[in-house]
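Everything on this sheet refers to the single structure shown next.
Because the structure is predicted, anything quoted here is derived from the model rather than measured. As a basis for the values below, the full set of heavy atoms in this structure was taken, side chains included, without hydrogen atoms, waters or symmetry mates. We name chains A, B, ... by the order of the sequence lines, and we start the count at 1 in each one.
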Amino acid sequence: MSSPDIERQWTTRLRHRVTGHLPPEKVLPDTQPAYVASWIYVFGVTTMVALSMVILTGFVLAIRGPLWWHTSGVGHYVNSLHLWSVEVFFFAMVIHLWGKFFMAAWRGRRALTWVTGVVTFLTSIAAAFTGYVSQTNFDSQWISTQAKDGINATGAGSIFNVLNLGQMLMWHIVLLPLVAVILTAVHVVLVRVRGVVPPFEDAPPEKP
Amino acid sequence: MAGLALLAALFPLDHLGGYIHWGWVDISYANAIVVALMVIVFVAALLAPFPGHGRRKESR
Amino acid sequence: MKRFRPDVDAPEYHGPYAPYDIIKEGTIAFLVVAILVVALATLFGSPDEQAVTIRTWSNADPIDFATTALGELNGTTITAHYGAPYNHGSLGQELGPLHLANLVGVTIPVNPIQDFIIAPLSSVPNDHPLRVALAQWHAAPRAERATWVARYTRAAAHMTWSNGHIVVPATRTGPLGVMINSLTQMARSGALDQALVTGHGFYTTDYTKPLLFVADGTYFANLAKHQHLLGAQWGMMNETDSYPGQAWLWLYTFWYQVPPFSSSPNADVQVWAIMMLASLLLLLVPFIPGLRSIPRKVRVYRVIWREHYRSL
Ligand code: HEM
C-alpha cells in the first residue's frame, strides 16, 4: 500500500485528528501559564478525586448487595465513607463552579467546557437523589414518596418511578454513574485541549 | 459483631438536630455549617498565597 | 477581523510559563480527600433510621391505619384522588392549560380500593366471616356500597380501638365493619406488607403500592415532621437526625416556602418548571449577554489573578 493510501485510511485520519488536538504534552503538561497561581485551581482536581472516592466506596457497598449495610458494622462504616465522599464531592464541585464563574472560564471557545460542567452537576444531583431513595430505610421511604409528586407532575413519573426500588438502584449504580464519569472525562479532555483560560485584559481592547 | 463496636462513629450525629429559623428561612445546623464552610473555603482559596510562584521565570 | 468581545473571547497569552506538576497535584488531592472522608466517617458515621412497615404503623396507631383504609374506600386519600400516572382520581396538577401527567396517561395503575383493600383481604385463607363480608361487598350495587361507606365514614370520628378491635358506632354499614377489622388484623400481623409487595409475582423490586399506602396515613408524615423533613420545613435539604443533607437542593426547596407556591395546589409542577428554567440559565450563562458580563464587572478575577496583574 502506498503512503497516500495509508494517509486516507479512517484509522490514520482519526489518529491525526486526535494527536493534532491532544499531543502528549497537552494531555500531561508539565508547565502551566504563569497566571495559573491560585488555590481555586485545585478544586477541579479535588472534585475529580472525590468522585473517584464516591465510586470506590460505592463499589465496596455493591459487593454484598443493597441491604448489607443495615446489618453489618463494616457495611455501615462503608456507607459512612460513601455518604461523606458525596458531601465532599458536592462541596468541591460547587466551589469549582463558583471559581470558574468568577473567572468567566467559558471565554475563548471554552463554552462547551462550561456546558459539560453544568450537565455533570445536574447529573450528579440526579445520581445523589437516586442514591438517597435506594437506601432502603425511613429516609428513602420519605424522600421517594415526597419526590414522586414533583416528578409525576411533569409527566416523567410514567417512566421514572421513584417508588420502584429496583429501577432507582439501577439508575443509581449503573446509568447515572456511567454518564457522570463519561461527562467528566469529556469535560477534562476539553480543558486539556483548550488550555486554561487566560485572565481578562487589563483594559479590554475595543479594536484588535 | 466485633466490627460494629470497633467501627461505630466517635461522635455519631444520630440525635435530632437543631434548626435555624429566620423569617421563612429554616435550615439545619448541619447544612448551615456545610454552607458556611463552603463560603469560607472559597474565600480562603482566593486569598491564600499560592506556593511556588518564585520559580516561574522561564519563557516558552 | 471580528470585534473582540471580552466576555466571549479570551486574549492571546504570550507571557511566561511555570512548572506545574498535575500528577503530583492529583495524588496529593486524592490523599487529602481520602483522609478527610475517613476522618468524617469515623467521627460522625451516617444515619440509618429503620423503614416504616405497615405492621409497625398499624401496631403503633391502629386507628390511623383504619382511618386511612377507610379513606381509600371513601376516596379521600392522596392516592385515591391522585390521577395519572396511578389512576383517574383527578386530572392532576396543571401548568397553565396543561395537565402534563394526564397527557401521558395512567402507566402505573393503582386502584386503592381493589389493590389496598379487596385484593389483600381476598388472599386471607379460612376466614368464614370475612369470606361472607367480601361476597356481600361484591354482590352489592355501587350505590349501596357508597351508602355503607358514607354511614361508616360519618361515625368514624368516634372510632376506638378496644380489645384488639376497631369499633365504630355505626349500624347498617354492610360488610364494612368486618372488612376494616380484618384488614387491620392483617396489617398488624405483617401479612399486608407481604400482600402489597408481592402484587407483581414471586420476585419484585417495586414498592409503589405499599409506599403509597403508608404515605396516605398521618403516622408516616408525623415521623417525618418530627425529623424536620416536611416540604414546608425545607425538608428536601434535610437528612434524618443531625446529619447534613442535600444542601444543593436549596433553590428547589426554597420556592415551596414562598407565595404563591407555598399555597398553590400546582406547586410541584410550577417549581419543576422554574427549576428547569433555572438550570437552563446556568447552562447557557456563556451565551447570555448581561449574565456573562457579571464576572468581569464584579472583578473577583482581580484577586484570583493578582500575581499576573502585578507582574504586568
Ligand atoms: C464532576 C464534576 C466536575 C469535575 C470532576 C470537574 C473537573 C475539572 C477539572 C479537573 C478541571 C481543570 C482544573 C481546574 O481548572 O480546576 C476543570 C475545569 C473547568 N471546569 Fe470543571 N469539573 C466538574 C464540574 C464542573 C462544573 C459544575 C462547572 C461549571 C458549571 C465546571 C466548569 C469548568 C470550566 C469552565 C473549566 C475550565 C477552566 C479553565 O479553562 O480555566 N466544571 N474541571
In short, B:Met38 meets A:Ile95 closest at the heavy-atom pair O-CD1, 3.6 Å
Evaluate the side-chain contact (heavy atoms from CB on, under 4.5 Å) criterion for residues B:Val41 and A:Phe43: first the C-alpha distance (whole Å), next the side-chain angles of each, then the deciding distance (0.1 Å), finally the verdict. CA-CA 10 Å; B:Val41 170; A:Phe43 285 91; 3.6 Å; yes
Bottom line for B:Leu47: the part with an atom under 4.5 Å from chain A's heavy atoms is neither
Please answer whether the main-chain N or O of B:Ala44 pairs with a side-chain N or O of A:Trp39 as donor and acceptor at a distance below 3.5 Å. no
Residue A:Phe91 versus chain B: region with a heavy atom under 4.5 Å: both
Inter-residue atom distance B:Asn31.CG - A:Glu87.CD, 0.5 Å rounding: 7.5 Å
Search all heavy atoms of B:Ala45 against all heavy atoms of A:Ser38 and return the closest pair with its distance. O-OG, 3.6 Å
For B:Val35, is it the side chain, the backbone, both or neither that has a heavy atom under 4.5 Å from a heavy atom of chain A? neither
Worked check of side-chain contact (heavy atoms from CB on, under 4.5 Å) between B:Phe42 and A:Phe102: CA-CA 11 Å; B:Phe42 177 67; A:Phe102 286 113; 3.7 Å; yes
Which portion of A:Tyr41 sits near chain B, non-hydrogen atoms under 4.5 angstrom: neither
